[in-house]
Amino acid sequence: MKHFKILPVTLFMLMIFVSSGFAAHTAKSQGFSLTVPDDIYPLLKIETSNDPNSIFRVSELGSVKAAKKLGENADGAGFLFSVSKISKDRLHKILQGDASGIELFATDDNGGYYIYNHPTDVRYVRENNALMKKDQPVWNKVNDWAYTKVRKNFAKKNKLRPLTANNTDIGIAVARVLYDQKLKYTLTATGAGTLTSNGVDPEKYLNDLLYDAKFYYSHDPVPDGEYIGLYFPDEKTMYKFYKGKQNYVTRESENIPTMVYKGELQNAGSASVNIARLYQAMAEKAGKTITASGDSYIGSYHEIIVGRGYIDIVKKGKIYKINIKWGESAFATSLWNMTAKFEKGALVYNDCKYRSIEINQRGTVRTKRSYNNGKGRFVTLTTGELLWEDNAGKNSEYSVFVKN
């Protein structure tokens, strides 16, 4: 009987021993850790240094050995990736041009940006074709780990914040607008015509089009419909941001076929809304209004990202009464009530009453949060969406609505 009582404990200890035997290997460099599965680790050559431009450099060991046997330079043989840490200024310069083989994947809280460098050609080496065929599964295995696992695991292990940047034609154009102080560009749309930047800082409007955004080349036809044109006069190149959920953008240049791209934004927003916000700021800086009449705001709207916010705007005399309802959960709702005046193309208010109410299962209503005399405004973008800028609530600072 004693043997049977001890057996589960013995098995448990054996399981711990076996599990620890298969634990991942961890390499260290400059205070950073790179975790490698034990079945991958013997297949690699891992180099470390004190240079932030190469915290880790990892190659497939079989290719390094094969290159040496062939009498070749083994420096680039089997190269899989390296990890670098760069400054914000360096990142901004990289993103303004073709960054093939250089991918931003994380950032920290101290202004550091982390780059995953990888080859743009195949570095697989063996002494002959027979060995190339035989070891192809090995090469595939280390490449699958290197490209699909390393960035996410490295960021998590080293407590970094994941961050990517788009480097298609669209991403490069946006990066140039953001970071090239000498760049000449205009925005063109209905409402206020063609506008220059006129000192407006584009960063708060266009970051979502560069970071954690994805744009893909598409074989879809050139879209029809309303767009905002970003034009680089020195290069005679136009980027057209089309209104719509599919985030179509085209690139048009002289003597070059039009390129069509589709985008995905992390916040599920619209590329045209982001560029329209910049256009709105540029129009206001130029003293121009996009919306000519306050009555155009009258109607019902719903919020376009999560779909839980609703706005009703009606006119009473010379003022506009606005009621907003936002579902927080099944039992909690936020309510805003305000009156607004039409000023310089916007509905402006300074008397907002806010209540966050909760209803329990017995039907009892409780106010969780509240304030009075909140200030803000509503603006209709040139693409037609209603932008709510609420000075009192950060959650509503960038809320976009469309008419029902």
Side-chain angles (χ1 to χ4, degrees), residues 52 81 83-118 147-148 150-156 158-181 183 185 187 197 200-218 228 230 232 239 241-242 245-249 251 261-282 304-306 381 385 387 394-395 397-400:
F81 69 89
V83 176
S84 305
K85 179 181 178 181
I86 64 174
S87 67
K88 180 184 288 189
D89 289 343
R90 176 60 181 153
L91 174 68
H92 292 176
K93 291 178 181 178
I94 290 173
L95 295 180
Q96 292 179 55
D98 180 11
S100 299
I102 305 173
E103 296 185 20
L104 171 69
F105 74 95
T107 185
D108 58 32
D109 295 328
N110 300 310
Y113 293 85
Y114 297 81
I115 302 296
Y116 178 89
N117 307 281
H118 60 87
Y147 203 74
T148 65
V150 168
R151 285 164 288 188
K152 181 179 179 180
N153 292 344
F154 187 90
K156 183 177 180 180
N158 296 285
K159 298 180 179 179
L160 304 175
R161 185 169 66 255
L163 181 68
T164 63
N166 183 260
N167 195 238
T168 62
D169 287 342
I170 310 306
I172 293 171
V174 171
R176 293 180 64 196
V177 171
L178 288 172
Y179 306 129
D180 185 352
Q181 302 300 319
L183 179 69
Y185 70 91
L187 289 182
S197 62
V200 174
D201 184 359
E203 189 164 2
K204 67 180 291 188
Y205 308 106
L206 300 190
N207 268 4
D208 287 347
L209 299 185
L210 178 61
Y211 296 105
D212 289 329
K214 297 178 181 179
F215 286 93
Y216 306 94
Y217 174 73
S218 172
I228 298 177
L230 169 63
F232 296 164
Y239 298 87
F241 292 78
Y242 289 83
K245 294 181 179 179
Q246 293 184 306
N247 290 321
Y248 279 110
V249 184
R251 180 185 185 274
Y261 293 87
K262 290 178 70 174
E264 296 176 10
L265 305 188
Q266 187 185 50
N267 65 4
S270 164
S272 63
V273 167
N274 284 270
I275 203 81
R277 292 180 68 221
L278 175 59
Y279 183 80
Q280 176 72 31
M282 290 164 58
I304 65 173
I305 296 180
V306 296
L381 300 175
E385 295 86 357
L387 183 69
K394 292 182 179 179
N395 291 336
E397 185 179 9
Y398 182 20
S399 296
V400 181

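Just so you know, residue 1 is the first one in the sequence shown, and it goes up from there. A quick note: this is a predicted structure, and the numbers were derived from the prediction, not measured.
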Distance-minimising heavy-atom pair for I172 and Q96: CG2-O, 3.3 Å
Verdict with supporting geometry, T164 and E103, side chain to side chain contact (heavy atoms under 4.5 Å, CB included): CA-CA 7 Å; T164 63; E103 296 185 20; over 6 Å; no
E203 to L178 - nearest heavy-atom pair and separation: CA-CD2, 3.4 Å
Side chain to side chain contact (heavy atoms under 4.5 Å, CB included) evaluation trace for Y239 with I275: CA-CA 11 Å; Y239 298 87; I275 203 81; over 6 Å; no
Straight-line distance of L209 CG to S272 OG, nearest 0.5 Å: 9.5 Å
Pair S87, D89: side-chain N/O donor-acceptor within cut-off below 3.5 Å: no
Criterion side chain to side chain contact (heavy atoms under 4.5 Å, CB included) on Y113 and T107, from CA distance to verdict: CA-CA 4 Å; Y113 293 85; T107 185; 3.5 Å; yes
Side-chain donor-acceptor pair present, Y114, D108, cut-off under 3.5 Å: yes
Near-ring test Y147/F81, centroid separation under 6.0 angstrom: no
Cation-pi geometry met for R151 and F105 (6.0 Å, 45°): no
Pairwise side-chain contact, R277 with L387, heavy-atom cut-off 4.5 Å (strictly under): yes
Interatomic distance, L278 atom CG to S197 atom OG [nearest 0.5 angstrom]: 8.5 Å
Rounded distance (nearest 0.5 Å) linking atom CG of L91 with atom CD1 of I115: 5.5 Å
Heavy-atom pair of closest approach, residues L104 and A106: CD1-O, 3.6 Å
Heavy-atom pair of closest approach, residues N166 and G171: OD1-N, 3.2 Å
Which atom of F215 lies closest to which atom of N247, heavy atoms considered: CE2-O, 4.3 Å
Criterion side chain to side chain contact (heavy atoms under 4.5 Å, CB included) on L95 and Y211, from CA distance to verdict: CA-CA 10 Å; L95 295 180; Y211 296 105; 3.7 Å; yes
Heavy-atom pair of closest approach, residues A213 and L265: CB-CD2, 3.7 Å
